[in-house]
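Every chain is numbered from 1, with letters handed out A, B, ... down the list of sequences.
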Amino acid sequence: MASGGGARRHEVHAPIADGGFLRPRRRRSRPRNLRPGPGRSGGRTGSERYRRAHRQVDRNTQTPPPPSSEAGRNPRGQSMSDQKEIRVRFAPSPTGFLHVGGARTALFNWLYARKTGGKFILRIEDTDQERSTDEATAAILRGMEWLGLDWDEGPNAGGDCGPYFQSERLDIYRDAADKLRDTGALYPCYCTSDEIQARNVAKGEEAFAGYDNHCRELTAEQIATFEGEGRKPSWRLRTPDEGSTFWYDIIYDKREFPNDALTDRVAIKQDGFPTYNFAVVVDDHLMGISHCLRGDDHVSNTPFQILAYQALGWDIPKFGHMPMILGADRKRLSKRHGATSVEEFSKMGILPDAMVNYLALLGWSPGGSGDDVFARTELIKKFSLKKVNSAPAGFDYDKLNHINAQHLKRLEPKQRLALTLPLLQEQGWDVDPEWRVPASNTQGYTKLVLKTLGGRFSSLLRLPEQIGFFFTDDYALDEAAVAEHLGNDAARDRLGRLADACERDLPADEPATKEAFEDVMRATADASALEAGDIIHPARVALTGQTRSAGIFEVMWLIGTPRVVARLRRAAGAE
RNA sequence: GUCCCCUUCGUCUAACGGUUAGGACACCGGCUUUUCAAGCCGGCAAUACGGGUUCGAUUCCCGUAGGGGAUGCCA
């Protein structure tokens, strides 16, 4: 933990840190080498140059930007990024499936790009060799495709700023790191995390209290000793001890961190890979990212990243940190809350458009009053980063289901058919010419079946049970319904009479209309001095196996006379 | 421990410092109907707490409580 010393620190250690201003500016003699070369060890940790370099961008650490100008929200007090092309990105690390939090982050970036005519870039952050897998990358890509979040640059899409896998950009990070080593902004640290923790504990602090800047001013001898022991350094970014680092967050407005609370974080790991915090800066800059929109959990990484931009002498993008998504219990969303990967939602019968609609509503709102159901195009039209909330949002399955049902209901007949046909195939359902139904093929028949569903077409999962009895005689029977409506002689007798009437009064060789079925049904009821309902309810159970269905006369019309009669007789004969 | 953030009906949220605090989900009731949905109509339900500032605070400030995040050579 940086304490005391302040700016004087650099002076005090000048003999060590500043190897000599007469020295020719160091070339990258071993650009691929992440360790200090033998001749380098004295090297200039470069306090002087570091200070100078840092002063140039000090605007960003101490002086507030000009007040109340249009550019006032720009950390650098410039308006140029307002004219710059808008480029945003989603940068998942492939350590698992695409979960709702990541999907929402991706969505907001996508919406912003589509809204502004900017570019949406997908970058895979696979610098963690231990945890990154190809399967996870594939799963994330699948998830993105399912959601319909198409990217303009990235895997399978190409682009001028590739490669889009961080693991293929190691040279690039090395060059950037070399630049920083030259200025002394990066210095070697030989501590292991165990050692750091042990020191923290020894000082009476918590083990995870952070790095204590132990190796900040190592002498040449010390470095030589460590190297002699065969230790390899990580490279940490020197952070200032005074002042503060701040930015104007698109969502939170001003965010400020006192520099003395910042520790020197690792930029290049011992294995030569960059840390996330370093790679993200290099990539965002090189890929021309104008707006860095990400989860709220990155807020405390931002000062470090800003410092890295400054050390590199690069423009700083705008940052926007969106609230987290929590479970219904306000805890971080996890498996025990139910589905968390977008593919699970797909299996649950959620439409991509509905998922996108619901996710957009988590932390964002179009404002005003009215319906919350929006088509994708409406979402793009209405979306605004300014309306993004700063409070974490809880995930609500009820609302997701409602929005899904609404999207399902608004589908065109053609779209409904397209969703249903594969389902039919799965079940092996087909239309039989013997049925005497008003359609000659499965597709036409299904179209009619779906039409009867009307507003009942609200769940893909329930669909098979909703329409099964149209296609097969082997449909499920609701036992309670059977017991209640078909469990007595009177009801069975009525169904027998209805079957008789159907055979007697309906045309034998052609499909009967639903009106004809209704006439027969009502006439049968009248003849026995019954209410129509007394015969309709048992008939529904007999014909569909359920107490609830589409209008019964339409059902009969689509099932066809032979099957109607057979099912009625079967029920009538049941004991 | 330290740093940062958040807090409006149960949930998602709206509200230039002046509103009967609005909408959506869920829930309840009614209408409609051959059932179930759908649809339509109606109902229940909130500014976390305590102090300020102000003629007036959901809104601005401070504190408290609760929640979240960070504090990694994970991203």
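The nucleotide B/U59 finds no pairing partner, because no Watson-Crick or G-U wobble arrangement with both distances shorter than 3.5 Å includes it. Checking B/C31 for Watson-Crick or G-U wobble geometry (two distances, each under 3.5 Å) identifies B/G39 as its partner. Nucleotide B/U20 forms no Watson-Crick or G-U wobble pair with any nucleotide shown, as no partner meets the under 3.5 Å limit on both distances. Across every strand in view, B/C44 sits unpaired, with no contact that passes the Watson-Crick or G-U test at under 3.5 angstrom. If you check B/C3 for Watson-Crick or wobble pairing at under 3.5 angstrom, you find it paired to B/G69. Remark: B/U53 base-pairs with no nucleotide; criterion is Watson-Crick or G-U wobble with both hydrogen-bond distances under 3.5 Å.
Taking the centre and axis of the six-membered ring of A/F108, the NZ or CZ atom of A/R104 falls inside the cone set by 45° and 6.0 Å.
The side chain of A/N277 lies closest to B/A75, out of B/G67, B/C12, B/A75. Residue A/H402 has its side chain nearest to B/A26 when only B/C5, B/A26, B/U13 are considered. Nearest to the side chain of A/R522, among B/U35, B/U34, B/U7, sits B/U34. Closest approach to the A/R548 side chain among B/C12, B/A75, B/C36 is made by B/C36 (side chain taken as heavy atoms from C-beta onward). Here B/C73 is the nucleotide among B/C3, B/U34, B/C73 with the atom lying nearest to any side-chain atom of A/K269. Nearest nucleotide to the A/N389 side chain, out of B/U13, B/C74, B/G22: B/U13. When distances run from any side-chain atom of A/R255 to the nucleotides B/U34, B/C5, B/C6, the shortest one goes to B/C5. Closest to the side chain of A/A391, out of B/C6, B/C74, B/U11, is B/C6.
In this structure, the ring of A/Y211 has its center no less than 6.0 angstrom from the ring center of A/F304.
Within 4.0 Å (heavy atoms only), A/G370 reaches sugar-phosphate atoms of the nucleic acid but no base atom. Using a 4.0 Å heavy-atom cutoff across all strands shown, A/G551 reaches at least one base atom of the nucleic acid.
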Atom pairs and distances, donor-acceptor, side-chain atoms in residues 531-541 of chain A, under 3.5 Å, two or more places apart:
residue: A/D534; atom: OD2; partner: A/E531; partner atom: N; Å: 3.2
residue: A/R540; atom: NH1; partner: A/S549; partner atom: OG; Å: 2.7
residue: A/R540; atom: NH1; partner: A/A550; partner atom: O; Å: 3.3

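Distances shown here put every side-chain N or O of A/R330 at or beyond 4.0 Å from the OP1 or OP2 atom of B/G10. Remark: A/Q166 is not in phosphate contact with B/C74, judged by side-chain N or O atoms under 4.0 Å from OP1 or OP2. Within the structure, a side-chain polar atom (N or O) of A/K387 is placed less than 4.0 Å from OP1 or OP2 of B/A15. Using a 4.0 Å cut-off, no side-chain N or O of A/K399 falls inside it from OP1 or OP2 of B/G23. Note on A/T263: every side-chain N or O is 4.0 Å or more away from OP1 and OP2 of B/U71.
Rounded to whole Å, the distance from CD1 on A/I536 to P on B/C36 is 13 Å. Protein atom CZ of A/F304 is 13 Å distant from nucleotide atom P of B/C74, rounded to whole Å.
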A/F90/A/W151 under ring pair (Phe, Tyr, Trp, His ring centres under 6.0 Å): CA gap, chis, key distance, verdict: CA-CA 9 Å; A/F90 175 53; A/W151 52 98; 9.6 Å; no
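With hydrogens and angles ignored, the 3.5 Å screen pairs no side-chain donor or acceptor of A/Y358 with any backbone N or O of A/H402.
The base of B/A38 is not paired with the side chain of A/K409 by any donor and acceptor separated by under 3.5 Å.
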